[in-house]
There are 2 protein chains.
Amino acid sequence: MLAIGTLAKRTGTKVQTIRYYEEIGIMPEPGRTEGGQRRYGDAELDRLAFIRHSRQLGFSLDAIRELLDLSDSPGRSCAEVDAIAQRQLRDVEARIDRLEALRAELHRMIAECGSNRVADCRILQVLRDHGECLSDHAKAET
Amino acid sequence: MLAIGTLAKRTGTKVQTIRYYEEIGIMPEPGRTEGGQRRYGDAELDRLAFIRHSRQLGFSLDAIRELLDLSDSPGRSCAEVDAIAQRQLRDVEARIDRLEALRAELHRMIAECGSNRVADCRILQVLRDHGECLSDHAKAET
DNA sequence: CCTGTATCTACAGTCGCTGTAGAATAGGGG
DNA sequence: CCCCTATTCTACAGCGACTGTAGATACAGG
Ligand SMILES: [Zn+2]
Ligand SMILES: [Zn+2]
Ligand SMILES: [Zn+2]
Ligand SMILES: [Zn+2]
């Protein structure tokens, strides 16, 4: 049986994060010692490892919750699992596209500025006016 | 003189966002009507446009605050402006690198799954064990 | 003057944690 | 067996950058 700190170390998680996962119901309420401290077994270790690795791959906690639910039905088709992963892939690709547009604009405005005075800094001119941009980088968040 | 809703429409901002910018001190407190409603002039319109465009290019509000401060000293060298933009570029490039690693892993795990049963879904296997990954996608956030 | 839209303040909620305070517990050394 | 320190406990606030809500008030057109 593992104390929460041991579980944290083994999975590269902060202790508070584990408690947070319990609070939002993505980790189960574990057994407790007489004094009220959480004790974990191997099942919880595996589950937390799954959550952390999925987070590292960019899945939202909601998506991970679905994935965990699905993996409890081993006989089922994995079509839904695949759909979640495909959504995640499309999301990542959309972010990349957006960031590449940003990179191009940033690169260009930096290149055009020869470190003059603020009054005629190309970077500030571009920031003042999207008309100076070449791409349609606008849209959503970073 | 523009009401807040007009300013919002002209800059593609939500009304609450403008009030939020005022609250955190990145937009000035504007004049008010007798009844207490905010009224804006062209200077504020320009400032808000600068903020919004910079946000679209991924700059943090803190960075934007610095940029706005710097652009108030037209005679100064723009070296600091350039440094902020370079930081932003490096940040964007780091995000792209990370997202491309994620994209590769996601793409691979999706390709390896032929939509079988959950019990032997490659996607779930990879999520359970980072050892199945080829790249070191771990690190920071998305 | 009336009505409907816009604006006002204040506050809660989003996502995924992270940090803090103050109290209680666990476990090892003497 | 006692003590001490490290760990854990609960509860809550804060991050960044907004977004949404409720209930009250102001403005503008007809
Ligand atoms: Zn410059
Ligand atoms: Zn632009
Ligand atoms: Zn599958
Ligand atoms: Zn991995």
Side-chain angles (χ1 to χ4, degrees), chain A residues 1-27 29-40 44 48 50-68 88 91 95 98 138-142, chain B residues 1-27 29-40 44 48 50-68 87-88 91 95 98 102 138-142:
Chain A
M1 285 298 175
L2 310 169
I4 196 169
T6 317
L7 183 65
K9 249 165 227 153
R10 293 244 189 120
T11 55
T13 314
K14 301 248 155 117
V15 166
Q16 301 103 299
T17 304
I18 299 174
R19 291 198 280 246
Y20 168 72
Y21 287 163
E22 181 184 330
E23 195 183 306
I24 63 166
I26 203 169
M27 282 291 286
E29 292 184 24
R32 301 264 186 159
T33 63
E34 274 187 35
Q37 300 196 353
R38 294 168 179 81
R39 287 299 118 102
Y40 296 92
E44 284 94 350
L48 183 54
F50 184 101
I51 294 170
R52 294 310 290 172
H53 192 216
S54 302
R55 286 292 298 131
Q56 284 172 356
L57 286 161
F59 289 89
S60 72
L61 288 175
D62 268 359
I64 295 169
R65 206 192 300 266
E66 286 187 72
L67 289 168
L68 285 165
Q88 177 62 16
D91 190 80
R95 286 167 191 271
R98 168 151 167 70
K139 262 156 221 172
E141 90 299 5
T142 315
Chain B
M1 285 299 174
L2 309 170
I4 196 169
T6 316
L7 183 65
K9 250 165 227 154
R10 294 244 188 119
T11 55
T13 314
K14 300 247 157 115
V15 167
Q16 299 101 300
T17 304
I18 298 174
R19 290 198 280 246
Y20 168 72
Y21 287 162
E22 182 183 329
E23 194 182 307
I24 63 165
I26 204 169
M27 282 292 287
E29 293 185 23
R32 302 264 186 160
T33 63
E34 275 189 34
Q37 299 196 352
R38 292 167 179 82
R39 289 298 119 103
Y40 296 92
E44 284 93 350
L48 184 53
F50 184 100
I51 294 170
R52 292 311 289 172
H53 192 216
S54 302
R55 286 292 298 130
Q56 284 173 356
L57 286 161
F59 289 89
S60 72
L61 288 176
D62 268 358
I64 295 169
R65 207 192 301 265
E66 285 187 73
L67 290 169
L68 285 165
R87 251 197 286 126
Q88 177 62 16
D91 191 82
R95 286 167 192 271
R98 168 151 168 72
L102 296 197
K139 261 156 218 172
E141 87 302 4
T142 314

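Worth knowing before you read on, the calculation uses all heavy atoms, side chains too, and leaves out hydrogens, waters and symmetry mates. In what follows, every chain begins at residue 1, and chains take the letters A, B, ... in the order their sequences are listed.
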In whole Å, what is the span from the [atom1] atom of [X] to the [atom2] atom of [N]?
{"X": "B/Asp62", "N": "D/dG16", "atom1": "CG", "atom2": "C1'", "result": "9 Å"}
{"X": "A/Arg38", "N": "C/dT25", "atom1": "CZ", "atom2": "C1'", "result": "13 Å"}
{"X": "B/Glu22", "N": "C/dA10", "atom1": "CD", "atom2": "C1'", "result": "14 Å"}
{"X": "A/Lys14", "N": "D/dC15", "atom1": "NZ", "atom2": "C1'", "result": "14 Å"}
{"X": "B/Glu34", "N": "C/dT7", "atom1": "CD", "atom2": "C1'", "result": "16 Å"}
{"X": "A/Leu2", "N": "C/dA26", "atom1": "CG", "atom2": "P", "result": "16 Å"}
{"X": "B/Lys9", "N": "C/dT7", "atom1": "NZ", "atom2": "C1'", "result": "12 Å"}
{"X": "A/Tyr40", "N": "D/dC9", "atom1": "OH", "atom2": "C1'", "result": "12 Å"}

- Query: When you check the phosphate oxygens OP1 and OP2 of C/dT7, does a side-chain N or O of B/Arg32 lie under 4.0 Å from one of them?
  - Reply: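 For B/Arg32, the contact criterion (side-chain N or O under 4.0 Å from OP1 or OP2 of C/dT7) is not met.
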
- Query: Does C/dC17 have OP1 or OP2 sitting under 4.0 Å from an N or O in the side chain of A/Tyr21?
  - Reply: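 Answer yes for this pair, as a side-chain N or O of A/Tyr21 is under 4.0 Å from OP1 or OP2.
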
- Message: By the definition side chain to side chain contact (heavy atoms under 4.5 Å, CB included), identify the one residue from B/Leu48, B/Thr13, B/Val15 that meets it with B/Leu7.
- Response: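 Of the listed residues B/Leu48, B/Thr13, B/Val15, the side chain to side chain contact (heavy atoms under 4.5 Å, CB included) partner of B/Leu7 is B/Leu48.
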
- Message: Please classify the nucleic acid contact of B/Arg52 as base, sugar-phosphate, or nothing, using heavy-atom distances under 4.0 Å.
- Response: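 Sugar-phosphate contact only.
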
- Touch class at under 4.0 angstrom, heavy-atom based, for B/Arg19 against every strand present: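 Base, at least one base heavy atom under 4.0 Å.
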
- When you match A/Arg39 and A/Gln16 each to their closest nucleotide on DNA chain D, which lands nearer the 5' end?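 That would be A/Arg39.
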
- Query: Which residue lies toward the 5' end of DNA chain D, B/Gly35 or B/Thr17, if each is placed at its nearest nucleotide?
  - Reply: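 Nearest nucleotide further toward 5': that of B/Thr17.
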
- Message: I'd like to know if the side chain of B/Thr6 and the backbone of B/Leu2 have a donor-acceptor N/O pair within less than 3.5 Å.
- Response: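 No, B/Thr6 side chain to B/Leu2 backbone: no donor-acceptor pair under 3.5 Å.
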
- Message: Quick one: does any side-chain atom of B/Glu44 pair with a main-chain N or O of B/Glu29 as donor and acceptor, under 3.5 Å?
- Response: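 Not a single qualifying donor-acceptor pair exists.
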
- If you measure from the Lys or Arg side-chain nitrogens to the Asp or Glu carboxylate oxygens, is any gap between B/Arg95 and B/Asp91 under 4.0 Å?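 Looking at B/Asp91 together with B/Arg95, the answer is yes, because their closest N to O distance falls below 4.0 Å.
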
- Does one side chain, of B/Tyr21 or B/Arg52, offer a donor that lies under 3.5 Å from an acceptor on the other?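 Yes, a side-chain donor-acceptor pair sits under 3.5 Å.
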
